[in-house]
Trainee: 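The structure is given below, and queries will be raised subsequently.
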There are 2 protein chains.
Amino acid sequence: MAVTIKDVAREARVHMSTVSRAFSMPHRLRPETRTRVLEAARRLGYRPSRVARALTTGRTHNIGFIVADISNPFFPPMIKAAEHTARARDYHLFIADASEDPAIETELVDALAKQVDGVVLCGPRIANAKIERLSENIPIALVNRKVTGIPSVTMDVVNGAQTAIGHLLDLGHRKLAYVAGPRQSWTNTQIGRTVTSAADGRAEVTVLGPNTPNENAGLAVAEEIARAGVTAVLAYNDLLAIGLMEGLHSLGVDVPGDVSVIGVDDTVLARLARPRLTTIVVPTADAGTAAVDLLLQYTAEGDDVTTRAAGHVSLPTKLVIRDSTAPPPGAGS
Amino acid sequence: MAVTIKDVAREARVHMSTVSRAFSMPHRLRPETRTRVLEAARRLGYRPSRVARALTTGRTHNIGFIVADISNPFFPPMIKAAEHTARARDYHLFIADASEDPAIETELVDALAKQVDGVVLCGPRIANAKIERLSENIPIALVNRKVTGIPSVTMDVVNGAQTAIGHLLDLGHRKLAYVAGPRQSWTNTQIGRTVTSAADGRAEVTVLGPNTPNENAGLAVAEEIARAGVTAVLAYNDLLAIGLMEGLHSLGVDVPGDVSVIGVDDTVLARLARPRLTTIVVPTADAGTAAVDLLLQYTAEGDDVTTRAAGHVSLPTKLVIRDSTAPPPGAGS
DNA sequence: GACCGCCTGGCAATCGTTTGCGTAATTTTA
DNA sequence: TAAAATTACGCAAACGATTGCCAGGCGGTC
């Protein structure tokens, strides 16, 4: 039904191998033959079958891209960037949504393994050991996780969290809370550690969580925050922060009058929420691009798993101060 | 390197065809042989190569999913639902972002055609005629577009727009505007028509656009709205509505005091914006699910293109009234 | 006891490419 | 001008599955 390499061969009066070479090794053909073949291909509307090609070459030119939750606005810009750079390299992206579930995530890697050249795990929720095991079967690149020997791009959320805490301390806050994200999230443990160490000796910090990183969880934790008597909170991400702000609002707690709130990610939501959310901006699009480049580079490294060099990229973050942070109630100024 | 059907055959001491049958036609094997094969497969960790299978069967078990812009929050829930239902049917999704560009969209369909069983076009920006032409090569399903002979799911935005206009008329508005979306969008023309016909004889309506459906475009159109002297506007989507609200705000125009604003989609943003946006809620997730089901059903219909029956689904929408709509300035009540 | 039919499972062609090998044809070198 | 080197292209074997066809073995029927 579809036009194959054989049809083109007949049309151009050459052998199929010549047609194949016209595309993959043009320099090996006499210019005359080459144009004749290409012309015939054009005339017939020939497009090589990626499937058949994959079978012989062993490369599908597809990449798996697994995220924890597509509807978390943190991911779309990353997916978009990844998709565009993949396409620029003549690759296509399989997207899969792990629903924040390590078991599904593992299953997805296995399912995808047979039809992709590698997979990008974004904000993986599975354990390092398992990632190492999976990466023996299929090249893996990580976003927001570090595992030795596996290429990864991370966002320097430590620096971001430090300046965020610094900002709160400068404003005069002395009782802080960290509304934690998923236990398995690398970013979460990074931020958690940073908060306590940055505040060490200068402020008291309570950790609430772990929480699923969505608005509802943020809303649910509001009461606890109100009770805890803290004057400022850093949340694992914007979703939690925004849910929290809503919750506090309906409890009659003013943000930032009574409690300051800081998020992480700088999703669209942060600018839109009222009060506009102070948050740590992370370069999601850059991460998407870097991840597929790292992965592609890694897979190109040769077939011997043991000799491949895993690249690492760390992307800077920064704090953007908006309207959800202010001095604590009763502060002088 | 990977374990193939041949390895399993050797391990189970049967011919490869028997291994194949153990999976695809289990009833054709003696129970004893079947379990022996399955057991051997399990022991070796055998996973059939989807690529090889695709080559013989002609079915890749992959679906292309093309959206106009992944970072438009309208799409993620749809993608998520589509991906989940596809996976439940043992299919995987290729996601591609057309960047609101008809040329890219067409190119994507062509590029994907060779490695998917069908493609879903979400809010296509290409012309009907071209869609028909493309669908001769590869099964296509449409979201928010109707082309005879091609399966599609649409959202009944006409009804939604009617009640929206009704709501504005009830409030006493007599000078309305429609902030249009992309010219090629079916939804856009549906809404546009509905607005003028619903207001016919009861209110005056100005149409502004077409506009790229994002916040910036909404922001840009604010001044024009202010000048136009209208008291209420319906925007093509939430993004435009929200951008517009920001723009009006910075122009000192109060929403809803001076101008009422209604959006479409009910994305997360609508609830978050201040004032909270009155909007038409559309069932994006249902659309995603319905689209892949329609497509799968269509492709299963048999190989003869001419006998396939294209299913259609129309999904209901409804107006959710929040804080961005109110009576026009100077209204009695 | 010969014949028939079913059940089981092997054989080999096929899907559309790629690619190592071989050999005419052409060019270079001596 | 003959030998050597190179070039251009054909041949056919893979890649890993699926599937139509066929044959041997078995039990049932008359």
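Proteins come first, then strands; the chains are lettered A, B, ... in the order of their sequence lines, and each starts at number 1. Heavy atoms only: backbone and side chains are in, while hydrogens, waters and symmetry mates are out. Just so it is clear, the structure is predicted and the values come from calculations on it, not from any experiment.
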Trainee: Rounded to whole Å, how long is the line connecting atom CZ of B/R59 with atom C1' of D/dT19?
Mentor: 17 Å
Trainee: Are A/F94 and B/F94 near enough that their ring centres are under 6.0 Å apart?
Mentor: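 So the answer is yes for these two rings.
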Trainee: Whole Å only: how far is the NE2 atom of B/H61 from the P atom of C/dC15?
Mentor: 20 Å
Trainee: Would you please confirm or rule out a distance under 4.0 Å between OP1 or OP2 of C/dT18 and any side-chain N or O of A/S20?
Mentor: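 So the side-chain polar atoms of A/S20 do come within 4.0 Å of the phosphate oxygens OP1 or OP2 of C/dT18, strictly under.
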Trainee: Can you work out whether A/R53 or B/L55 has the more 5'-proximal nearest nucleotide on DNA chain C?
Mentor: B/L55
Trainee: To the nearest Å, give me how far apart CE (A/M25) and P (C/dT19) are.
Mentor: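 My rounded result for the distance is 7 Å.
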Trainee: In whole angstroms, how far is the C1' atom of C/dC15 from the CD1 atom of B/I5?
Mentor: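 My rounded result for the distance is 15 Å.
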Trainee: Sugar-phosphate atoms are those with a prime plus P, OP1 and OP2; base atoms are the rest. Using that split, label each nucleotide of nucleotides 4-11 of chain D B, S or - for protein heavy atoms under 4.0 Å, 5' to 3'.
Mentor: ----SBBB
Trainee: What is the nucleic acid contact for A/F23, judged by heavy atoms within less than 4.0 Å: base, sugar-phosphate only, or nothing?
Mentor: nothing
Trainee: Please report the closest heavy-atom contact between A/P124 and A/R145, naming both atoms and the distance.
Mentor: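 The answer is O-NH1, 3.1 Å.
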Trainee: Could you tell me the separation between the NZ atom of A/K114 and the C1' atom of D/dC15, rounded to a whole number of Å?
Mentor: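 Answer to the nearest Å: 13 Å.
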Trainee: Please step through side-chain contact (heavy atoms from CB on, under 4.5 Å) for the pair A/V8 and A/V19, ending with a clear verdict.
Mentor: CA-CA 7 Å; A/V8 180; A/V19 178; 3.8 Å; yes
Trainee: Would B/D117 and B/T60 satisfy side chain to side chain donor-acceptor pair (under 3.5 Å), going step by step from the backbone distance to the final call?
Mentor: CA-CA 6 Å; B/D117 295 338; B/T60 60; 3.0 Å; yes
Trainee: In whole Å, what is the span from the CZ atom of B/R50 to the C1' atom of D/dC15?
Mentor: 18 Å
Trainee: Do B/F65 and B/F75 have ring centres separated by under 6.0 Å?
Mentor: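 Judged by ring-centre distance (under 6.0 Å), B/F65 and B/F75 do not meet the cut-off.
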Trainee: Test side-chain contact (heavy atoms from CB on, under 4.5 Å) on B/L315 and B/V153 and set out the steps.
Mentor: CA-CA 7 Å; B/L315 267 17; B/V153 15; 3.8 Å; yes
Trainee: Write down the distance between CD (A/Q115) and P (D/dG16), rounded to a whole number of angstrom.
Mentor: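 Whole-Å distance recorded here is 16 Å.
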